Amino acid sequence: MRRAKITRKTAETEISVEINLDGTGTYDNQTGVGFFDHMLDQLSRHSLIDMTVRAKGDLHIDDHHTVEDTGIALGQALTEALGDKKGIRRYGECHLPMDDAQVRAALDLSGRSYLVWNMDFAAPKIGTFDTELVREFFQALATHGGITLHVDQLHGFNAHHVAEAGFKAVARALRLAVETDPRKADAIPSTKGAL
């Protein structure tokens with residue numbers, strides 16, 4: 001079963017993440033940060049990864065620690081659920097249009113963490129949510145998930161659309177990458193024999 005549950009507690013946050021890679025995109029995400037919950041819902045729904053997130057953070061300071069630590073815990077859960085990565089497709093990509101926005105995401109579940117980020121938000125906030133936290137989330141996810149992740153904004157001026165297109169594009173790329181490859185379900189997808 002490709003499932004994982006991670007709990008993370010620090011002086012700043014208390015996070016619980018539960019995922020099922022072979023799910024249907026069922027989600028129940030409650031972080032106390034409304035826009036972020038909406039983005040996590042999109043990540044789950046479009047990756048078809050069942051996801052339950054509970055986060056309590058120092059929101060009286062700002063949303064930063066809650067968003068970043070959720071990314072850390074989600075990356076750790078992904079790593080645990082993938083195990084030795086036998087049989088996965090490993091790579092995924094998506095060009096995702098959303099109204100004025102188009103975002104391209106490409107990723108490799110290589111075990112080598114790297115983020116290339118070319119997103120430009122026209123506004124510093126979406127409601128009360130700092131747009132710079134979108135990058136913080138994906139940096140934490142890539143680092144702790146062992147993901148080489150490229151996210152590129154091709155078009156877009158509405159910050160909400162750009163952010164949502166980014167989450168959906170990564171979700172669709174992740175969906176492809178974690179799927180079992182029916183032609184090589186018994187093999188590690190690397191000439192090294194390990195990822």
Side-chain angles (χ1 to χ4, degrees), residues 1-10 13-31 33 36-55 57 65-94 96 103 105-117 133-151 166-181 184-185 187-190 192 194-195:
M1 299 297 288
R2 301 191 310 158
R3 299 173 182 256
K5 184 172 184 178
I6 295 290
T7 55
R8 173 183 169 82
K9 186 172 183 178
T10 70
T13 62
E14 188 173 338
I15 314 282
S16 170
V17 170
E18 192 168 354
I19 64 170
N20 174 7
L21 299 183
D22 299 308
T24 59
T26 301
Y27 53 83
D28 183 7
N29 302 309
Q30 299 175 29
T31 67
V33 182
F36 184 48
D37 288 348
H38 179 49
M39 293 301 99
L40 291 175
D41 294 350
Q42 301 301 326
L43 188 63
S44 173
R45 172 64 184 90
H46 294 282
S47 67
L48 298 185
I49 296 173
D50 292 347
M51 187 183 303
T52 301
V53 175
R54 293 290 181 273
H65 299 139
T66 299
V67 172
E68 182 178 34
D69 287 8
T70 299
I72 290 170
L74 190 56
Q76 291 171 340
L78 185 62
T79 296
E80 184 177 309
L82 284 168
D84 67 2
K85 301 179 186 171
K86 183 181 286 184
I88 66 168
R89 292 186 186 273
R90 178 179 166 179
Y91 298 98
E93 71 288 322
C94 179
L96 197 294
V103 175
L107 60 84
D108 176 10
L109 300 176
S110 62
R112 296 185 307 276
S113 306
Y114 200 88
L115 177 66
V116 175
W117 185 258
L133 294 182
V134 177
R135 185 188 189 285
E136 293 302 319
F137 170 78
F138 284 114
Q139 180 67 68
L141 179 70
T143 298
H144 293 272
I147 305 167
T148 298
L149 175 61
H150 293 239
V151 185
F167 272 85
K168 288 178 175 177
V170 172
R172 295 291 295 195
L174 197 54
R175 175 180 172 177
L176 291 174
V178 303
E179 283 182 345
T180 301
D181 185 342
K184 277 292 191 181
I188 303 291
S190 171
K192 297 175 189 155
L195 283 173

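The shown structure was predicted, so the numbers you read here are calculated from the model rather than taken from an experiment.
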> For the residue pair Pro189 and Ile88, what are the closest heavy atoms and their distance?
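Where Pro189 meets Ile88 most closely, the heavy atoms are CG-O, 3.5 Å.
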> Provide the closest heavy-atom pair for Leu109 versus Leu195 in the form atom of the first, atom of the second, distance.
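Heavy atoms only, the tightest pair is O-CD1, 3.9 Å.
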> Identify which one of Leu48, Leu149, Leu141, Ile49 satisfies the side chain to side chain contact (heavy atoms under 4.5 Å, CB included) criterion when paired with Leu174.
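Of the listed residues Leu48, Leu149, Leu141, Ile49, the side chain to side chain contact (heavy atoms under 4.5 Å, CB included) partner of Leu174 is Ile49.
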> With the threshold set at 4.0 Å, does a side-chain nitrogen-carboxylate oxygen contact exist between Arg3 and Asp22?
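Between Asp22 and Arg3 there is no salt bridge, as every charged N stays at least 4.0 Å from the carboxylate O atoms.
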> Would you say the side chain of Asp108 lies within less than 4.5 Å of the side chain of Tyr114, judging by non-hydrogen atoms?
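No, too far: nothing below the 4.5 Å cut-off.
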> Rounded to the nearest 0.5 Å, how far does CD1 of Ile6 lie from CD1 of Ile15?
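If I round to the nearest 0.5 Å, the distance is 12.0 Å.
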> With side-chain contact (heavy atoms from CB on, under 4.5 Å) as the test, would you mind laying out the steps for Val17 and Arg8 before giving the verdict?
CA-CA 9 Å; Val17 170; Arg8 173 183 169 82; over 6 Å; no
> Which class fits the ring pair Phe138 and Phe167: parallel under 30°, tilted 30 to 60°, perpendicular over 60°?
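If you compare the ring of Phe138 with that of Phe167, the planes turn out tilted.
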> Would you indicate whether the side-chain heavy atoms of Thr79 and His144 approach each other to under 4.5 Å?
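Heavy-atom side-chain distance check fails, nothing below 4.5 Å.
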> Between Ala77 and Ala4, which heavy-atom pair has the shortest distance, and what is it?
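The answer is O-CB, 3.3 Å.
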> Are there more than 12 heavy atoms of other residues, nucleotides or ligands under 6.0 Å from atom CZ of Arg45?
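Open: at most 12 neighbouring heavy atoms sit under 6.0 Å from CZ of Arg45.
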> Of all the heavy-atom pairs spanning Leu78 and Leu21, show the shortest one and how long it is.
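Heavy atoms of Leu78 and Leu21 come nearest at CD1-CD2, 3.7 Å.
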> Taking all heavy atoms of Arg172 and all of His46, pick out the closest pair and write down the distance.
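Scanning both residues, the minimum pair turns out to be CD-O, 3.4 Å.
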